[in-house]
Amino acid sequence: MIREDLRTAIATAIGALGLVAPDEISLEVPKARQHGDYSANVALQLAKQAGSPPRDVAAKLLDALSGLGLRHVERIDIAGPGFINFVLSPSWLHDLAAEVLDAGDTYGTNARMTGQHINLEFVSANPTGPLHAGGGRWIATGDAIANLLSSQGAQVHREYYLNDVGNQLIILAASLSARYNSRPFPEDGYVGAYITDIADDIRARHGDALSDEQLCELALTSIIEGIKQDVGRVGVRFDTWFSERTLHERGDVEGVLKRLRLSGHTYLKDEAEWLATEALGDTRDRVLVKADGTTTYLCNDLAYHRDKFDRGYTHLINIWGSDHHGQVKSLRAGVEALTGKPDEPEIILGQLVKLMRGGEEVKISKRAGNMITLADILDEVDADVARMTFLLQGLDTKQTFDLDLVTSQSMENPVYYVQMAHARIASIARKAVELGEVQLPLSDVDLGLLTHHREIEVLRKLSLFPDVVADAADQRAPHKVAHWAHEFSGLFHGWYHDCRVIGVEAPLVQARLWFTEICRIGLSNALGILGVNAPESMARIEDSQ
RNA sequence: GCGCUCGUAGCUCAGCUGGAUAGAGCAGGGGACUUCUAAUCCUCAGGCCGCAGGUUCGAAUCCUGCCGAGCGCGCCA
């Protein structure tokens, strides 16, 4: 990795000047091309320490650096207020090509997180109805983050927590019962059409003599089945669907209470049992056992997290909608009281999705009954379109999901732009075979012929992929990979327009065949992280304008 | 009232652990197909980075205040 080589060299040069290097030597890829391939700002940072102007420091560093005989470095410039810019010869990119080919589908991966065993919990929407359209964001995001963490060597377990007990279920049961028995509808019940559908379906299959309890059980099974189907349609598989009931059945909740009592974290007040979370960073203490003797959501959730640790994970991550941010401190304080771990679980918050239809916001509410379900979306668009749309945006921005745009004008979706780049590569390969071009082994091919500025641009972008993935993994930011894929595709399309593979001189044909292969690897790996398909061909559009 | 998140082109958004001239897509103007799929490419236009201060060599980025938006402040889940 050239970047690391340069960092080491800079550190050496700093040492040679008798200065102390900063903890991390920043080596950026400048936006402006004339600023070279990599740019270092250490001279500016060290000016104070050295007691001389930044440009002087830079000049001394440059002297020290040029004595090191760095590979691939064509020129080193000092520019602006004291930046040190490295201009690399194209040879480093040709080395890169070999590196990418060698790595294949592991290009962009890393072993930094090896040994970590992470439990990633996401979606976990209550099984009181089908997943709504916004839920797709959590499915796509969670899966992509899992892929990112895996790419860094971590072992990741995808988990969905099913709250299959409690109040909401009671409301669900009452709503169902009203429909099933044609009785007046309860206040605050779920009005969604799905309630009637489920009730009708159950009546058709099991008759009309069921008790409320039997009714609710059958409905719950059916709803959970539906959720699993929706998740599957998006292309995601959970390793575990964890039922909250098991916690109660096994006595885990009681066990956690005992443990907290023993460690002196609880106290009684106003006929309830409290957990002293304020001392651990919460805004105030929380109730664990209500006056009526039942446990709170937090109490059950603590038992759940205890169970996750008991299963041996080294780290827990939960992805939550920002509407739950108020629970973060309580849960973390509770987990600390329970386990002594102050930084668990890690909670990734994402802003909610705002659905637009006909230029107006559609408020989703299971109670009001105006549901737009995820299944509705998937009936209209490809899972790839949905995933890419959800993943293109950072988690801390509330996402505007325009149903009209995504469904009717889906041709504009960037996913096609990226997929088309991949399809074009496959198409070139097919054409080459068709015309009898035989791809020679890499060792017989001169990649040094890849000197077109389009090729250089593409290769340079490709070289950044591992950094982008590592960064995205660290920041739990899959959108960075989505943007990289889009940008990379743009550069590829530009190359495609200017550079032909078939029909140029034989040695160049060979070099470019390998060039397209490494592009394919990069794209395919990026799409793999996003969970988007990398097609071999695109369906031709019939009626484009 | 307190807390969390956000405010960047007409629209949807990147960039935010400080760096050089603030980017992309869409929408708008103008061009490019006898070629490996034009779902493509090239080009033009478009910006007090919410407002005001502060920190420093340097601020869209960090700090403070204000304005505006969303969400949260239960012995609900």
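Every chain is numbered from 1, with letters handed out A, B, ... down the list of sequences.
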Checklist entry - Whom does B/rC2 pair with, Watson-Crick or G-U wobble, provided both distances fall under 3.5 Å? => result B/rG72

Next on the checklist: Under 4.0 Å from OP1 or OP2 of B/rC41: is there any side-chain N or O of A/Y417 that close?
Outcome noted: yes

Next on the checklist: I need the full list of salt bridge (charged side-chain N to carboxylate O under 4.0 Å, His left out) pairs touching residues 344-356 of chain A, with sequence neighbours left out, sorted by first then second residue.
Outcome noted: A/E346-A/R476

Checklist entry - Counting side-chain heavy atoms from CB outward, which of B/rC13, B/rU40, B/rC75 is closest to A/H493? => result B/rU40

Checklist entry - Does the A/T397 side chain pair with the main chain of A/Q399, one donor and one acceptor, at a distance under 3.5 Å? => result no

Next on the checklist: When the C1' atoms of B/rC11 and B/rC76 are compared, how many Å lie between them, rounded to an integer?
Outcome noted: 39 Å

Item to check | Candidates B/rC75, B/rA60, B/rC36 - which lies nearest the side chain of A/K31 | outcome: B/rA60

Next on the checklist: Taking pairing as Watson-Crick or G-U wobble with both contacts under 3.5 Å, can you name the mate of B/rA9, or confirm there isn't one?
Outcome noted: none

Checklist entry - Which is true for A/S537 with a 4.0 Å heavy-atom rule: it touches a base, it touches only sugar-phosphate, or it touches nothing? => result base

Next on the checklist: What is the separation between atom CD on A/Q419 and atom C1' on B/rA38, rounded to the nearest whole Å?
Outcome noted: 18 Å

Next on the checklist: Assuming nearest nucleotide by heavy-atom distance, tell me which of A/G166 and A/F83 is located more 5' along RNA chain B.
Outcome noted: A/F83

Item to check | Selected nucleotide, minimal atom distance to A/T400 side chain, candidates B/rU12, B/rA77, B/rG72 | outcome: B/rU12

Checklist entry - With a 4.0 Å cut-off on heavy atoms, is A/Q327 in touch with a base, just the backbone sugar-phosphate, or nothing at all? => result base

Checklist entry - Base, sugar-phosphate, or nothing: which does A/A47 touch, judged by heavy atoms less than 4.0 Å apart? => result nothing

Item to check | Phosphate OP1/OP2 of B/rC41 contacted by A/R500 side-chain N/O (<4.0 Å) | outcome: no

Checklist entry - Expressed as a whole number of Å, how far does the P atom of B/rU17 sit from that of B/rC6? => result 12 Å

Item to check | A/T128 and A/N126 side chains, donor-acceptor separation under 3.5 Å | outcome: no

Next on the checklist: Can you tell whether the side chains of A/R261 and A/E254 come within less than 4.0 Å, N to carboxylate O?
Outcome noted: yes

Checklist entry - Counting any heavy atom closer than 4.0 Å, what does A/D471 reach on the DNA or RNA strands: base, sugar-phosphate only, or nothing? => result base

Checklist entry - When you measure from the side chain of A/Q34, which nucleotide among B/rU21, B/rG72, B/rC76 comes out closest? => result B/rU21

Next on the checklist: Just N and O in the side chain of A/R424: are any of them under 4.0 Å from OP1 or OP2 of B/rA38?
Outcome noted: yes

Checklist entry - When all nucleic acid strands are considered with a 4.0 Å heavy-atom cut-off, which category describes A/D270: base, sugar-phosphate, or nothing? => result base

Checklist entry - Which nucleotide in the list B/rC36, B/rC75, B/rU40 gets nearest to the side chain of A/I428? => result B/rC36

Checklist entry - Nearest to the side chain of A/H325, which nucleotide is it out of B/rA20, B/rA38, B/rG3? => result B/rG3

Checklist entry - Counting only Watson-Crick or G-U wobble pairs whose two distances fall under 3.5 Å, which nucleotide matches B/rA39? => result none

Next on the checklist: Can you measure A/L491 atom CG to B/rA24 atom P for me and round it to whole angstrom units?
Outcome noted: 12 Å

Checklist entry - Between B/rC13, B/rG19, B/rU5, which nucleotide has the shortest distance from any of its atoms to the side chain of A/E28? => result B/rG19

Checklist entry - At under 4.0 Å, does any side-chain N or O of A/T296 touch on OP1 or OP2 of B/rA77? => result no

Item to check | Residue-phosphate contact under 4.0 Å: A/Q168 side-chain N/O, B/rA77 OP1/OP2 | outcome: no

Checklist entry - Is any side-chain N or O of A/D323 under 3.5 Å from a base N or O of B/rG72, one able to act as donor and the other as acceptor? => result no

Next on the checklist: Ignoring hydrogens and geometry beyond distance, is a side-chain donor-acceptor pair present between A/E457 and A/W495 at under 3.5 Å?
Outcome noted: no

Checklist entry - OP1 or OP2 of B/rC76 sitting under 4.0 Å from any side-chain N/O of A/K290? => result yes

Item to check | Syn/anti label of B/rC16 as read from its glycosidic torsion, with the cut at 90° from 0 | outcome: anti

Checklist entry - Picking from B/rA20, B/rG70, B/rG3, which would you name as closest to the side chain of A/S39? => result B/rA20

Next on the checklist: Looking at A/Y496, I'd like to know if the NZ or CZ of A/R424 sits under 6.0 Å from its six-membered ring centre while staying within 45 degrees of the ring's axis.
Outcome noted: yes

Next on the checklist: Work out how far the C1' atom of B/rU8 is from that of B/rG25, and round it to whole angstrom.
Outcome noted: 15 Å

Checklist entry - Is A/H248 reaching over with its side chain to a backbone N or O of A/E244, donor-acceptor style, under 3.5 angstrom? => result yes

Checklist entry - Which whole-number value in Å describes the distance from A/L405 CG to B/rU12 P? => result 11 Å

Checklist entry - Rounding to the closest angstrom, what is the interatomic distance between B/rU64 and B/rA24 at atom C1'? => result 33 Å

Next on the checklist: Taking A/T294's backbone N and O only, do any of them form a donor-acceptor pair with A/D292's side chain (distance below 3.5 Å, no angle check)?
Outcome noted: yes

Next on the checklist: Using a heavy-atom cut-off of 4.0 Å across all strands, would you classify A/R454 as base, sugar-phosphate, or nothing?
Outcome noted: sugar-phosphate

Checklist outcome for this item: Heavy-atom nearest nucleotide on RNA chain B taken for A/E487 and for A/N85; more 5' hit belongs to A/E487

Next on the checklist: Can you tell me which nucleotide in B/rA77, B/rC36, B/rU12 comes closest to the side chain of A/Q393?
Outcome noted: B/rU12

Next on the checklist: Base, sugar-phosphate or nothing for A/N163? Non-hydrogen atoms, less than 4.0 Å.
Outcome noted: nothing

Item to check | No-hydrogen, no-angle side-chain donor-acceptor test under 3.5 Å, A/Y304 and A/D252 | outcome: no

Next on the checklist: What's the gap between B/rC62 and B/rG68 when it is taken at their P atoms, as a whole Å value?
Outcome noted: 22 Å

Checklist entry - Considering only side-chain heavy atoms of A/Y496, which listed nucleotide, B/rG70, B/rG25, B/rA38, is closest? => result B/rA38

Checklist entry - Taking atom P in both B/rA20 and B/rA60, what distance in whole Å separates the two? => result 9 Å

Checklist entry - Is there a Watson-Crick or G-U wobble partner for B/rG65 with both distances under 3.5 Å, and which nucleotide is it? => result B/rC51

Checklist entry - When rounded to the nearest Å, what value does the distance between P atoms of B/rA22 and B/rA45 take? => result 15 Å

Checklist entry - Looking only at atom C1', what distance separates B/rU56 and B/rU12, rounded to whole Å? => result 35 Å

